[in-house]
Asker: 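Dropping a structure here in structure tokens format, bear with me for questions.
Per chain, numbering begins at 1; letters A, B, ... match sequence-line order.
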Amino acid sequence: MRWSKTFIPTLKETPSDAEVPSHQLMLRAGLIRQLMAGAYTYMPLGYRALRKAEAIVREEMERAGAIELFMPALQPIDLFERTGRKDAFGNVLINFEVQRGDKKVHLALGPTHEEVVTDLMSHAINSYRQLPLTVFQIQTKFRNEERPRFGVLRTSEFLMKDAYSFGTNLEQLDDAYQAMYNAYCRIFSRCGLTYIPVEAESGPIGGDASHEFMIPAPNGEDRIVHCKACGYAANLERADTGRETPPIETAANASELKKVDTPDATSIEQVSKMLDCEPSQMIKTLIYQADDEPVAVLIRGDHEANEGKIRRELEAESVELATPETIQKVTGAPVGFAGPVGISCKVIADHDIPVIVDAITGANEGDAHYTGVNVGRDYQLDTTFDLRNAAAGDPCPKSGEPMELVHGIECGHVFKLGTKYSVSLGADYLDEKEKRHPIIMGCYGIGVNRIIASLAETSNDENGLIWPLAVAPYEVLLIPLNINDEEVMKVSDNFYSQMQDAGIDVLYDDRKQRPGFKFKDADLIGIPLRVVVGGKGLKEGLVEIKWRTDGDPTKVPVDEAMDTVNAMLAQRREEEEGE
RNA sequence: CGGGAUGUAGCUCAGCCUGGCAGAGCGCUGGCUUUGGGAGCCAGAAGUCGCAGGUUCAAAUCCUGUCAUCCCGACCA
């Protein structure tokens, strides 16, 4: 493609609305343009990259045995009512009524396609002989994000590859899941991304029934803990910590229990400021309503309670923060002054609680806290639990080594669904004994835009983007330095047609611009291989070839240049595949 | 939905406090020169100062409302 004939509006300055690197660079490199919050046009260069990523996804899906189909984005709201997800999605589900003759039809724009695909299979699958089956599609999804942000990382309309597996038993589900998991690893590595498969919320099936594929990036929305030693990684909410119950005994040097006035100080922050202490010295006493029973949960002041873990330890159906009335009843104090000393309900504590010597807690009395609170003497614990979110430095549950906190961009998710949708939408099959069973399903998503955005986010330098060959909009950027120089143009035109003939994706910068201008644009858009034809070099019979990441170009005789380019591309392709 | 910020030329921004001709750089158009890391000179085009209302002789500037965008939080397949 000739640059002069395509449409690549690069920007010298960074638009003020863009904050994260991917957004800034994609805008500046002319890959995208914003229409409104959460909706972007993919410009020719950006769309080429997107389509290359899409092609890799498609290839690997097919290699894994999945079959491509294409479902409607417009869906009847009825399907979401039957699965209960109209309420579950709430505002996120874009839905509206349209007039059709004398009827009103209530439609939704698909945020995902479990309903549609399950409905499809409920009609199309009758027998166990038709299973297992995995289908996929690559299609635009719609979600009314309450807050679209980070440019193209979180949008209300996005390209997603979604696959769904159908099987008769757990072995078939495991096989499909494993096939998808492996395909995802290949996809992300072929796209040149470093990725971490992360254990995620596993739902009703339990075990390792769900993984998210995270691209580590400082601006990622998700926080995960990661053990470098053994590779264990999990969502902050999901992650176990390898901590154990410490000895529960009163410290020998414990100070006296004292009540101090803390007027209006109801938060950890306020109390720590008023009493001039660290939040880690404090015990947060949260009163939860676990089903019908109020329970006090003790968490260190600087930690975050994890309601999922609390619910599991209490074996409760539901856990939520208690009402002010309940708190008043249990603690005898208004909200913000609860503490374990003399409280009148069940108390459970996190592992980190009993080791706090001379802790500070609420006094179960308005405007007052205790200092010098010590386990065994002032309050009693039988044992302790893992009740909080994991934090940097926590020991890994597998290796015991300290874990690090990593921010990540969620680019893929594999999930064992079980029979949730097949039951509610009546997708059954008959087994060999003519017995009816719900089909066992799995679902597997990849955000294709996020592959591109993650690359922009993580693969760049101060001059611009750096594409891997596999996803780059073009593989080679051919630059004649002076289009008024006949000799330069003769050689360049010749290269251009030879490259096209060789099947190389080449962008030909035939614009009437000064060399500096072209070099700056070249670095900005980050095409992997740059071939420069200039008057000076030609006098010695040389052209310059350089990877985007190289410091200096290699000078090559004109008649060897094509061979060199082909060889360099071939080698790089092999390296990227082999990763 | 709560908190914060910003809306002035295609882009980056000044002007607003203290009301009085609508500004600069980049980009764009034409011309000449230049041609190895975002060129120089000359001449131009380009704005409903987000929108609506109010105060005033007079509003980009002050007041009220509203919309949009960005950031933090809440929420989130």
Asker: Ignoring hydrogens and angles, state whether a donor on the side chain of A:Y444 or A:S165 is under 3.5 Å from an acceptor on the partner side chain.
Answerer: yes
Asker: Hey, does the Lys NZ or Arg CZ of A:R450 hover above the aromatic six-ring of A:F158, less than 6.0 Å from the centre and inside 45° of the axis?
Answerer: no
Asker: How far, in whole Å, is B:rC28 from B:rG20 if one measures between their P atoms?
Answerer: 34 Å
Asker: Given that both distances must come in under 3.5 Å, which nucleotide forms a Watson-Crick or G-U wobble pair with B:rC11?
Answerer: B:rG25
Asker: Using both distances under 3.5 Å as the test, list the Watson-Crick or G-U wobble partner of B:rC1, or none.
Answerer: B:rG73
Asker: If you restrict it to nitrogen or oxygen atoms, what contacts under 3.5 Å exist between nucleotides 71-75 of chain B and the protein, and what is each distance?
Answerer:
from, atom 1, to, atom 2, distance (Å)
B:rC71, OP1, A:F150, N, 3.3
B:rC72, OP2, A:R147, NH2, 3.0
B:rC72, N4, A:R147, NE, 3.4
B:rC75, N4, A:R149, NH2, 3.2

Asker: Would you say a side-chain N or O of A:S16 is under 4.0 Å from OP1 or OP2 of B:rC13?
Answerer: yes
Asker: Which letter, B, S or -, goes with each nucleotide of nucleotides 30-41 of chain B from 5' to 3', with contact meaning a protein heavy atom under 4.0 Å?
Answerer: ----BBBBBB--
Asker: Just by distance, with hydrogens left out, do A:D17 and A:Q34 show a side-chain donor and acceptor under 3.5 Å apart?
Answerer: no
Asker: Using the C1' atom on both, measure B:rU8 against B:rA46 and round to a whole Å.
Answerer: 14 Å
Asker: Side chains of A:N182 and A:Q178: do they bring a donor and an acceptor to under 3.5 Å?
Answerer: yes
Asker: Provide the closest heavy-atom pair for A:T118 versus A:E114 in the form atom of the first, atom of the second, distance.
Answerer: OG1-O, 2.5 Å
Asker: Which value, rounded to the nearest 0.5 Å, describes the distance between A:R143 atom CZ and A:L93 atom CG?
Answerer: 10.0 Å
Asker: Starting from the 5' end of RNA chain B, give me the residue, A:T14 or A:G38, whose nearest nucleotide shows up first.
Answerer: A:T14
Asker: Counting only Watson-Crick or G-U wobble pairs whose two distances fall under 3.5 Å, which nucleotide matches B:rA68?
Answerer: B:rU6
Asker: If the C1' atom of B:rG19 is compared with that of B:rC62, how far apart are they to the nearest Å?
Answerer: 8 Å
Asker: Would you classify A:P15 as touching base, sugar-phosphate or nothing, given that sugar-phosphate means primed atoms plus P, OP1 and OP2, and contacts are heavy atoms under 4.0 Å?
Answerer: sugar-phosphate
Asker: For B:rG30, which nucleotide is its Watson-Crick or G-U wobble mate, given both distances must be under 3.5 Å?
Answerer: B:rC42
Asker: Do the rings of A:F213 and A:Y195 sit parallel, tilted or perpendicular, given the 30° and 60° boundaries?
Answerer: tilted
Asker: Give the ring-plane orientation class for A:H211 versus A:Y181, where under 30° counts as parallel, over 60° as perpendicular and anything between as tilted.
Answerer: perpendicular
Asker: Using whole Å, what does the distance between atom C1' of nucleotide B:rU69 and atom CD of A:E145 come to?
Answerer: 17 Å
Asker: When you compare B:rG53 with B:rU6, how far apart are their P atoms, in angstrom units rounded to a whole number?
Answerer: 25 Å
Asker: Atom CE of A:M36 and atom C1' of B:rG50: how far apart are they, to the nearest Å?
Answerer: 18 Å
Asker: Mind checking the C1' distance from B:rG40 to B:rG25? Whole angstroms is fine.
Answerer: 16 Å
Asker: Could you tell me the separation between the CD atom of A:Q34 and the P atom of B:rG7, rounded to a whole number of Å?
Answerer: 17 Å
Asker: Using atom P in both nucleotides, what's the gap between B:rG47 and B:rG37 to the nearest angstrom?
Answerer: 37 Å
Asker: When you compare the side chains of A:Q75 and A:H113, does any donor N or O come within less than 3.5 Å of an acceptor on the partner?
Answerer: yes
Asker: If you look at every heavy atom in A:R511 and A:I483, which pair is closest and at what distance?
Answerer: O-CG2, 3.7 Å
Asker: Expressed in whole Å, how much space separates the P atoms belonging to B:rU33 and B:rC16?
Answerer: 44 Å
Asker: For atom C1', what is the distance between B:rG23 and B:rU66, given to the nearest Å?
Answerer: 28 Å
